[in-house]
There are 2 protein chains.
Amino acid sequence: MGEVAQLADVSPSTVSLYLRHPDKVSSQRAERIQTAIDRLGYLPNTMAGGLASSRSNVIGVIVPTITNSFFSATLETLERHLRPAGYQLLIGNSEFDESREEELVRSILSWNPAGLVLTGFVHSRKSISLLTKSDTPIVEMWDFGQKGLDMVVGFSHRTCGKLVAEHFLAKGYRKAAFLSTSFQRDIRAKERYQGFREDMTNAGGSVVLRELQGRSNTAETGDLVRELLSDHADLEAIFCANDIVALGVLLECQRQGWPIRDRLAVAGFGNQDFTASTVPPMTTVEPPSQEIGQHIARMLLARLGGDLTEQETRLDLGVRLVAREST
Amino acid sequence: MGEVAQLADVSPSTVSLYLRHPDKVSSQRAERIQTAIDRLGYLPNTMAGGLASSRSNVIGVIVPTITNSFFSATLETLERHLRPAGYQLLIGNSEFDESREEELVRSILSWNPAGLVLTGFVHSRKSISLLTKSDTPIVEMWDFGQKGLDMVVGFSHRTCGKLVAEHFLAKGYRKAAFLSTSFQRDIRAKERYQGFREDMTNAGGSVVLRELQGRSNTAETGDLVRELLSDHADLEAIFCANDIVALGVLLECQRQGWPIRDRLAVAGFGNQDFTASTVPPMTTVEPPSQEIGQHIARMLLARLGGDLTEQETRLDLGVRLVAREST
DNA sequence: CTTGTATATCGTAGCGCTACGATTTTTGAG
DNA sequence: CTCAAAAATCGTAGCGCTACGATATACAAG
């Protein structure tokens with residue numbers, strides 16, 4: 001920065017001022033400074049700036065995994081809205097592990113971030129204490145229904161399960177199964193199961209649960225479907241933890257020659273692009289992946305801008321049932 | 001840090017020393033310092049540290065989009081290998097736009113990163129000049145065959161295209177099509193097309209090209225397949241730019257009652273999980289998504305550790321054809 | 001009990017920038 | 001042309017930490 005100042009024949013303060021508040025510098029010098037910056041290829045040192053101003057343009061986000069279209073869509077939207085406002089996302093993968101999350105919380109907090117976005121409500125004791133001690137704005141996303149640490153943006157997975165139960169019941173399905181990725185990995189799938197099960201059993205139906213070993217896997221799904229149908233020959237419908245698992249069910253039925261809907265109805269979760277094109281088109285639930293990112297950005301920006309009119313801190317975005325021909 | 005020093009009754013220097021080189025501090029004081037840190041919930045300020053030591057633990061990564069299982073797998077692997085070494089990933093989405101990439105390069109370079117990972121060889125003039133001016137180690141990934149700016153880790157998409165051509169020809173397919181997402185979005189798909197086309201035509205075959213409007217979309221894929229088959233009734237096989245598009249083709253064929261392989265053979269790219277379970281199981285190409293991340297981490301770490309034995313800067317990881325029953 | 005050497009601790013300067021008050025220049029009314 | 005107020009510019013003091021040389025302490029050998 002010193003070099004730029006020298007070349008533009010102004011003081012370093014003026015260069016800093018120009019960078020921070022360009023309109024506070026006379027147009028004549030502004031031009032000289034910009035020329036010098038371009039000539040020298042000068043890039044301000046973000047760390048020095050952050051240290052001096054003791055606030056940073058970093059916003060941390062912790063997701064269980066980015067290899068998951070749900071979270072990556074949210075992440076992408078978040079970035080799209082936050083970067084233009086000058087913020088930089090710091091993304092961490094907790095890999096569904098509380099202690100890794102804690103490590104990430106430490107690591108991100110040590111950047112003195114302007115905000116921190118977490119996935120879900122489950123955090124280690126220590127994480128919570130670190131989080132509450134710091135006065136960083138916190139957002140918990142992709143769930144709804146608990147108190148939360150600060151702001152909450154998501155939807156209720158229980159309600160989502162109930163929505164599908166309602167749909168199944170309306171279609172006349174009583175004997176159902178929930179086919180899920182491991183609950184340990186995805187606690188939110190468990191919440192959907194609970195809501196689903198509650199309403200199905202309350203209406204006199206039944207729900208069998210099957211969990212995959214790990215992440216979505218269509219081959220393992222096929223095995224589980226065959227096993228399920230041989231154990232419960234009267235099964236009428238399966239609600240899957242996500243669209244990939246539901247695709248696995250559809251494909252297994254095709255392989256076995258079981259007609260979808262007549263022999264077995266299938267619903268997914270995610271409303272991924274391909275669900276509209278399966279044979280038959282798949283019934284699924286659309287989570288507000290992008291909206292979550294959008295609203296988090298809005299709320300965070302309002303909070304950081306000191307906008308006091310924005311008092312809202314908890315947002316339930318809900319889900320939408322996309323009824324197609326597989327149920 | 002001052003507080004910690006006071007509570008532990010040592011000087012701030014010793015606290016810093018303990019944090020940086022714990023073994024250089026007597027065990028007695030080490031313990032006192034750790035206790036003080038825990039009691040106060042102290043987190044070192046990364047920016048101050050980075051500024052003072054004038055090196056940072058940041059490694060920037062620019063990908064076109066993280067909503068893509070290829071890049072997100074690489075990203076996840078990269079993080080898994082780099083975080084334990086104390087590095088923090090700074091991820092940016094260029095959204096397939098050269099000028100956005102340039103913005104990201106600026107923004108990341110201003111963090112004075114320890115390394116920068118870019119996707120592909122195509123960068124704006126200005127980006128290249130910024131990149132060469134800085135002495136940050138650079139890695140260009142997910143492609144191979146050009147000189148590159150510094151290190152290169154990926155594979156040749158041309159060769160990949162040739163590999164599929166060879167497979168098609170061996171199976172007796174001569175009249176082929178390449179069904180792609182927009183080349184503007186994915187220049188690497190274009191390279192695969194070129195390699196594929198070259199070897200198909202050299203062997204007396206033909207290749208028709210069709211591009212989707214934007215990102216993979218199974219519905220649009222279906223339309224394109226019907227159009228393709230009505231324009232070219234003698235078409236024998238389609239090589240798709242990715243597995244989702246290939247799934248779209250498979251599903252359209254199912255819908256139309258066209259037997260896969262007898263009427264039309266299909267190959268994808270990605271070897272995503274579900275490809276093994278489609279009906280019939282899909283032939284596809286497996287790119288080294290994880291290996292790319294792994295080797296970048298290794299090479300970067302070697303470079304940053306000043307390991308001079310590690311002289312390798314260009315790595316072709318190749319691809320693997322996964323021949324299944326759709327071809 | 002020296003003395004030399006290794007080990008542990010500390011003080012100070014400075015990383016590159018911003019905030020803020022001090023100083024200088026510009027502007028426009030009288 | 002004068003002078004006060006406004007606008008533009010500048011100087012200085014840190015932000016929280018690390019590096020490094022200076023100092024203090026421990027330890028072993030003579």
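The sequence lines fix the lettering, A, B, ..., with proteins before strands; numbering per chain opens at 1.
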Length of the [atom1]-[atom2] vector between [X] and [N], whole Å:
| X | N | atom1 | atom2 | result |
| --- | --- | --- | --- | --- |
| Leu51(B) | dG16(D) | CG | C1' | 9 Å |
| Asn45(A) | dG16(C) | CG | C1' | 6 Å |
| Met47(B) | dG16(D) | CE | C1' | 12 Å |
| Ile37(B) | dG16(D) | CD1 | C1' | 14 Å |
| Leu43(B) | dG16(D) | CG | P | 14 Å |
| Gln6(B) | dC10(C) | CD | C1' | 15 Å |
| Gln28(A) | dT9(D) | CD | C1' | 12 Å |
| Asp9(B) | dA8(C) | CG | P | 18 Å |

Q) Of the nucleotides dG14(D), dT9(C), dC10(C), which has the atom closest to the Ser26(B) side chain? A) dT9(C)
Q. Nearest to the side chain of Ser53(A) - dA19(C), dG14(D), dC17(D)?
A. dA19(C)
Q | Presence of donor-acceptor pair under 3.5 Å, side chain of Ser13(B) and base of dG11(C) | A | yes
For the residue pair [Y] / [X], report whether a side-chain donor-acceptor contact shorter than 3.5 Å exists.
| X | Y | answer |
| --- | --- | --- |
| Glu95(B) | Thr65(B) | no |
| Thr67(A) | Ser72(B) | no |
| Glu98(A) | Ser124(A) | no |
| Gln290(A) | Thr77(A) | yes |

Using a cut-off of strictly less than 4.0 Å, decide whether [X] has a side-chain nitrogen or oxygen near OP1 or OP2 of [N].
| X | N | value |
| --- | --- | --- |
| Arg29(A) | dT26(C) | no |
| Thr14(B) | dT9(C) | no |
| Arg55(A) | dA19(C) | yes |

Under 4.0 angstrom, heavy atoms only, what part of the nucleic acid is [X] near: base, sugar-phosphate, or nothing?
| X | value |
| --- | --- |
| Pro44(B) | sugar-phosphate |
| Tyr42(A) | sugar-phosphate |
| Ser54(B) | nothing |
| Leu17(B) | base |

Q: Could you say whether Ala48(B) or Ser11(B) is positioned toward the 5' end of DNA chain C, judged by the nucleotide with the nearest heavy atom to each?
A: Ser11(B)
Q) Are the aromatic rings of His123(A) and Phe121(A) close, with centres under 6.0 Å apart? A) no
